Amino acid sequence: MKTASLWLIALIGPISAFAQDSLTTGHIVYEEITDISDSRWVQNRPDMPTEIKSKWDVYFNPQNAHCSFHPEEEEDDFSTGGVQFRRMRWEPKDVYFLDFLNRRYQHYTDFMSKEFQVLDTLSMEGWKFTGKQGIVLGFPCMEVKKTEHDTVDIIAWFTPRLPVSAGPKEYVGFPGAVLYVNIDDGKTTISAVNVQMGKVPEEELEVPDDGEEVTRDEYKAIVEEKTREMRRRWGR
């Protein structure tokens, strides 16, 4: 931890004097890939795709960041058993908004047809420095890690070279932008595929204000309870 802290101070020091818009304003595109090869549906149909892919846009400036689903331009088709299928695009109603000045996290989402505003503070609670360093898209990064549900390890790589607490989805709050996330030993990965610095249009930072306001813990409890209800209803 001491080594990681010293390395972070040494890296931030030289850039703090000129961390202007060139380093704190821009747009990052992320690709999220989830492995579904172990699902019964895929195992029974070997011609089916074994991965789910989606992209996310993160726009940021010194005050705010905004993460939302990146729509694909075209539908893509695949065939199995001699039958042609068109993969339907699922566009989640997920918008993440970060207020850096007030260290505030806001997630607009819906669950079972009900809209929520999930509110929290930006922090590194639960995350630990591993001391590992690496390069992602040419940016020097540091690795942090945490464990959820006692078994699921989550690893994130962030770069202090982009001194904003932005990142994909809920993987935010670090002293630098997150460029890579690995969940459950690669079951899901979220990788930055393009970083562009420059002025961000104000409309790209807008956030919905609908939905019931809940904390992150309250929202997790709601999801867990409703999931249990569905399992009981369907006998699983």
Side-chain angles (χ1 to χ4, degrees), residues 19-34 52-75 88-125 137 139 156 158-181 183 188 190-220 222-223:
Q20 305 300 321
D21 285 355
S22 61
L23 293 172
T24 57
T25 303
H27 172 212
I28 305 176
V29 179
Y30 297 85
E31 182 176 56
E32 180 175 8
I33 301 176
T34 299
I52 296 177
K53 295 183 179 181
S54 58
K55 289 186 177 179
W56 298 84
D57 288 305
V58 172
Y59 293 90
F60 59 92
N61 62 26
Q63 292 80 38
N64 309 114
H66 180 282
C67 175
S68 60
F69 184 74
H70 178 106
E72 296 289 346
E73 295 181 358
E74 299 179 355
E75 301 288 346
M88 300 300 292
R89 295 294 182 187
W90 173 65
E91 298 189 11
K93 294 182 179 179
D94 277 324
V95 176
Y96 301 80
F97 183 77
L98 310 179
D99 178 349
F100 299 139
L101 299 180
N102 296 303
R103 301 294 297 172
R104 186 171 182 265
Y105 164 100
Q106 181 179 359
H107 176 201
Y108 164 77
T109 187
D110 68 347
F111 179 69
M112 297 185 68
S113 302
K114 185 174 182 179
E115 297 177 343
F116 293 93
Q117 290 280 356
V118 185
L119 306 177
D120 205 344
T121 57
L122 286 175
S123 74
M124 286 189 63
E125 183 179 358
L137 288 184
F139 292 92
F158 72 90
T159 176
R161 285 290 182 185
L162 301 177
V164 291
S165 297
K169 303 172 73 173
E170 68 265 34
Y171 304 104
V172 295
F174 309 108
V178 172
L179 299 182
Y180 178 75
V181 180
I183 305 167
T188 296
I190 308 175
S191 309
V193 294
N194 188 30
V195 178
Q196 292 185 335
M197 309 310 296
K199 187 175 180 180
V200 175
E202 287 298 322
E203 59 267 24
E204 298 295 352
L205 294 172
E206 294 179 356
V207 63
D209 57 4
D210 306 352
E212 178 185 348
E213 292 188 1
V214 295
T215 66
R216 199 177 325 205
D217 288 341
E218 288 172 342
Y219 180 70
K220 287 181 179 179
I222 291 170
V223 172

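Heads up: numbering here begins at 1 and tracks the sequence. The model shown is predicted, which means the values in this text are computed figures rather than measured ones.
Among all heavy-atom pairs drawn from Gly26 and Val200, the shortest one is O-CG2, 3.3 Å. Pairing each heavy atom of Gly176 with each of Phe158, the nearest pair is O-CB, 3.7 Å. The two residues Ser54 and Phe69 have their closest heavy-atom pair at CB-CE1, 3.6 Å. The nearest pair of heavy atoms linking Gly167 to Tyr30 is CA-OH, 3.7 Å. The two residues Trp56 and Cys67 have their closest heavy-atom pair at CE3-SG, 4.0 Å.
Glu203 meets the side-chain contact (heavy atoms from CB on, under 4.5 Å) test with Pro201, Glu206; sequence neighbours excluded. Here Val223 pairs with Phe111, Tyr219, Thr227 under the side-chain contact (heavy atoms from CB on, under 4.5 Å) rule; sequence neighbours left out. The side-chain contact (heavy atoms from CB on, under 4.5 Å) search around Asp217 returns Thr215, not counting sequence neighbours. Asn61 meets the side-chain contact (heavy atoms from CB on, under 4.5 Å) test with Thr25, Gln63, Asn64, Leu205; sequence neighbours excluded.
A heavy-atom distance below 4.5 Å is found between the side chains of Phe139 and Val195. Using a 4.5 Å heavy-atom threshold, the side chains of Ile28 and Leu179 count as touching. Annotation: side chain of Leu137 is not in contact with side chain of Thr159 (no heavy-atom distance under 4.5 Å). In this structure the side chain of Lys114 reaches within 4.5 angstrom of the side chain of Glu212, judged on heavy atoms.
Atoms CD and CD, on Glu213 and Glu218 in that order, are 10.5 Å from each other to the nearest 0.5 Å. Leu23 contributes atom CG, which lies 6.0 Å from atom CE of Met197 (distance to the nearest 0.5 angstrom). In this structure, CZ on Phe60 lies 5.5 Å from CG on Leu162, to the nearest 0.5 angstrom. Annotation: the span from Glu115 atom CD to Asp110 atom CG amounts to 6.5 Å, rounded to 0.5 Å. Tyr59 contributes atom OH, which lies 15.0 Å from atom NZ of Lys199 (distance to the nearest 0.5 angstrom).
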In residues 96-107, what donor-acceptor pairs under 3.5 Å come from side-chain atoms, sequence neighbours left out?
from: Tyr96; atom 1: OH; to: His107; atom 2: NE2; distance (Å): 3.4
from: Asp99; atom 1: OD1; to: Leu101; atom 2: N; distance (Å): 3.2
from: Asp99; atom 1: OD1; to: Asn102; atom 2: N; distance (Å): 3.2
from: Asp99; atom 1: OD2; to: Asn102; atom 2: ND2; distance (Å): 2.8
from: Arg103; atom 1: NH1; to: Ser165; atom 2: OG; distance (Å): 3.2
from: Arg103; atom 1: NH2; to: Leu122; atom 2: O; distance (Å): 3.2
from: Arg103; atom 1: NH2; to: Gly173; atom 2: O; distance (Å): 3.4
from: Arg104; atom 1: NH1; to: Gln106; atom 2: OE1; distance (Å): 3.3
from: Gln106; atom 1: NE2; to: Gln117; atom 2: OE1; distance (Å): 2.7
from: His107; atom 1: NE2; to: Asp94; atom 2: OD1; distance (Å): 2.8

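A salt bridge (charged side-chain N to carboxylate O under 4.0 Å, His left out) check over residues 162-174, counting only residues at least two apart or in different chains, returns the pairs Glu32-Lys169.
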Query - Intermediate values then yes/no, side-chain contact (heavy atoms from CB on, under 4.5 Å), Val29 and Asp57 - result: CA-CA 5 Å; Val29 179; Asp57 288 305; 3.6 Å; yes
